[in-house]
Protein chains: 2
Amino acid sequence: MANRSDTKTRILDAAEKLFAERGFSETSLRLITSKAEVNLASVNYHFGSKKELIRAVLARYLDVFMPAASQELNKLTATGRPDLDTIFSALVRPLLDLDKVRVEGTRIFLQLLGRGYIESQGHLRWFITTHYGEHLDRFVQVVCQSAPHIPPAEMFWRLHFTLGTVVFTMASSDALMEIAEADFKEQNDIESVIRKVIPYMAAGVAVPLTQANRE
Amino acid sequence: MANRSDTKTRILDAAEKLFAERGFSETSLRLITSKAEVNLASVNYHFGSKKELIRAVLARYLDVFMPAASQELNKLTATGRPDLDTIFSALVRPLLDLDKVRVEGTRIFLQLLGRGYIESQGHLRWFITTHYGEHLDRFVQVVCQSAPHIPPAEMFWRLHFTLGTVVFTMASSDALMEIAEADFKEQNDIESVIRKVIPYMAAGVAVPLTQANRE
DNA sequence: AATGATTTAAAACACCCGTTTAAATTAATC
DNA sequence: GATTAATTTAAACGGGTGTTTTAAATCATT
C-alpha cells in the first residue's frame, strides 16, 4: 500500500514552500511537480484538483496547530481568568512547535494562513471556519472573557486586525530582520519577533473604546 | 491632443476597480478592456505592459494622497507635538478625500495598497519607497517624536506591525464587512473601519516595553 | 482638402495553465 | 507465478494569458 518515497508527501512538501513564498495562484502545478520531482498528473491523481491540494497543504498544519492551541487554552482557563498577554503568549509554543514538524514550519504556516485569507475569495476562509470552527470559537470566547469591556462585534474587528499584524509581519519577516540588523545592529529570529508583536497586539485588542467608536 | 473620451482614463478607471476587488494577477487585460469598452491592444499601447499599468493605477492615487498627508503632518507639527492618535487621525482626511477624486476612491486606494504589498513580492514596495520615500521618512520622524519612550529599533518593528494591520485589513475589507453584517447585523463602510483601526494601532505603537522586550 | 502623426482595431503569436486520457509500470493479492 | 489493483508516466486537450503585428481609422495641423 505504502510507497516508500511517498509521492503525496513530496507534493505537499514542495507545494507548501512555493505557496508560502509566491502565493497560490502564482504557483503552477508544473512548478510544484518539478520541484517535487514527480509527474505532473500525480497531483490530480492524489488530490483531485489544485484547489483540494491547497486545502490539504493547509490542513496538514491546522490539524497539528489547532488541537495544540486549544489544549494550551484549556490549561490556562483551568487555573483562572488569564489576561490577553497570557492568552497570546500561550499560542507561541504551539506555533513554534511547528518548526519541529517541518523545517521553517512556523513561518510557512503563518504565510499560508495569510495568503489563504487574502487570495482565495472566501472559499478557504470557509474551509477553515467549518473544519476548525470549534477551536476558533473557543479562542474568541476566551479572548472576549478576558476583555469584557469590548463588545463582540468590536472584538471581531480587533482580532482580524491582529491576524493581519501577525500574517503580514511573518510574511516579510526575513526582509524585516535583515533591515533591523543593518540599521540597528539588532539580531532577531522568528521567536523574538513573535515576542515583540504580542504586547503590540494585546494593547490594541484591549484598548478602551473611544467616543467615536462607541457611537 | 486630448481625446474627449480618453481611452487611457477609461482603462485606469476599469483597472483600479477590478484590481482592488480581485487582485492584480487575477485580473486579465481582456477583462479590463471589455469593462472599459476599449480595445485589448490599447493597454500595451498606452502603458507598455500590465506591470506598468499597475504602477500607473497606484501612482494616480499616491500622487494625490502623499502630498496631502504630508501637508496635514506639517499643520500638526507647526502647532506643537501631537500624540499618536492625532497623527493617525490626521491621515484620515486625505484618505477620505480620495472619495472626491474618484467614486469609492478611499476603499479602492487602500485595497490596492494592500494587494500591492502582499501580491507583488517586493517590487511594488520598491516602487513606493523610491518614489514617495521623503513623505514616508517624514511620517516616521513625526511618529518617533510623539513616542519618545520607544527606541527607534522597537519603533521600526511596531510601524511594520501597523503597516500589516492596515494592509491586511484593507485587502480583505469587503469580506470582513460582509461577515460583520451577517454575524452582528453591523453595517460598515471603509470610514468606520478606519476609525476602528486607529485606536488599535495607536495603542500598540505606544505600549510601554515589557521586561522581556527591553532585555 | 491634404498631410502626417497619433490612436484604434482585429487577428495572430507564443506561451503557460489545470485537467484528462490511455498506456506502462509497479505493488499487492490470490 | 498469474491476476488484479494501484500508481506513475508521457502526451494531448481545451482554454486563457500578455504581447505584438499589421492595417485601418481618426485626429491635429498645415
(request) Identify the two heavy atoms, one from B:Asn39 and one from B:Thr33, that lie closest to each other, and give their separation to 0.1 Å. (result) O-CG2, 3.6 Å
(message) Going by the rule salt bridge (charged side-chain N to carboxylate O under 4.0 Å, His left out), which residues pair with A:Arg138 if we only count those two or more places apart in sequence or in a different chain?
(response) none
Nearest-Å distance for atom pair [atom1]/[atom2], residues [X] and [N]:
X: A:Asp6; N: D:dT7; atom1: CG; atom2: C1'; result: 12 Å
X: B:Ile32; N: D:dT19; atom1: CD1; atom2: P; result: 11 Å
X: B:Tyr45; N: C:dT7; atom1: OH; atom2: P; result: 4 Å
X: B:His46; N: D:dT20; atom1: NE2; atom2: C1'; result: 16 Å
X: B:Phe47; N: C:dT6; atom1: CZ; atom2: P; result: 17 Å

(request) Supply the atom-to-atom distance B:Glu37 CD to B:Thr7 OG1, rounded to the nearest 0.5 angstrom. (result)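 The CD atom of B:Glu37 sits 11.5 Å away from the OG1 atom of B:Thr7.
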(message) For a quick check, with a 4.0 angstrom heavy-atom cut-off, what is the B/S/- contact string for nucleotides 13-18 of chain D, read 5' to 3'?
(response) ----BB
(request) Assess the side chains of B:Gln111 and B:Arg107: does a donor N or O sit below 3.5 Å from an acceptor N or O? (result) yes
(request) Flag the pair A:Arg195 and A:Glu191 as a salt bridge only when some basic side-chain nitrogen lies within less than 4.0 angstrom of an acidic carboxylate oxygen. (result)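 Looking at A:Arg195 and A:Glu191, the cut-off is met.
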(request) May I ask you to decide whether A:Glu104 forms a salt bridge with A:Lys17, counting only side-chain N to carboxylate O separations under 4.0 Å? (result) no
(request) Looking only at side-chain atoms of A:Asn39, point me to the closest of D:dT7, D:dA10, D:dT20. (result)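 Given the options D:dT7, D:dA10, D:dT20, the side chain of A:Asn39 is closest to D:dA10.
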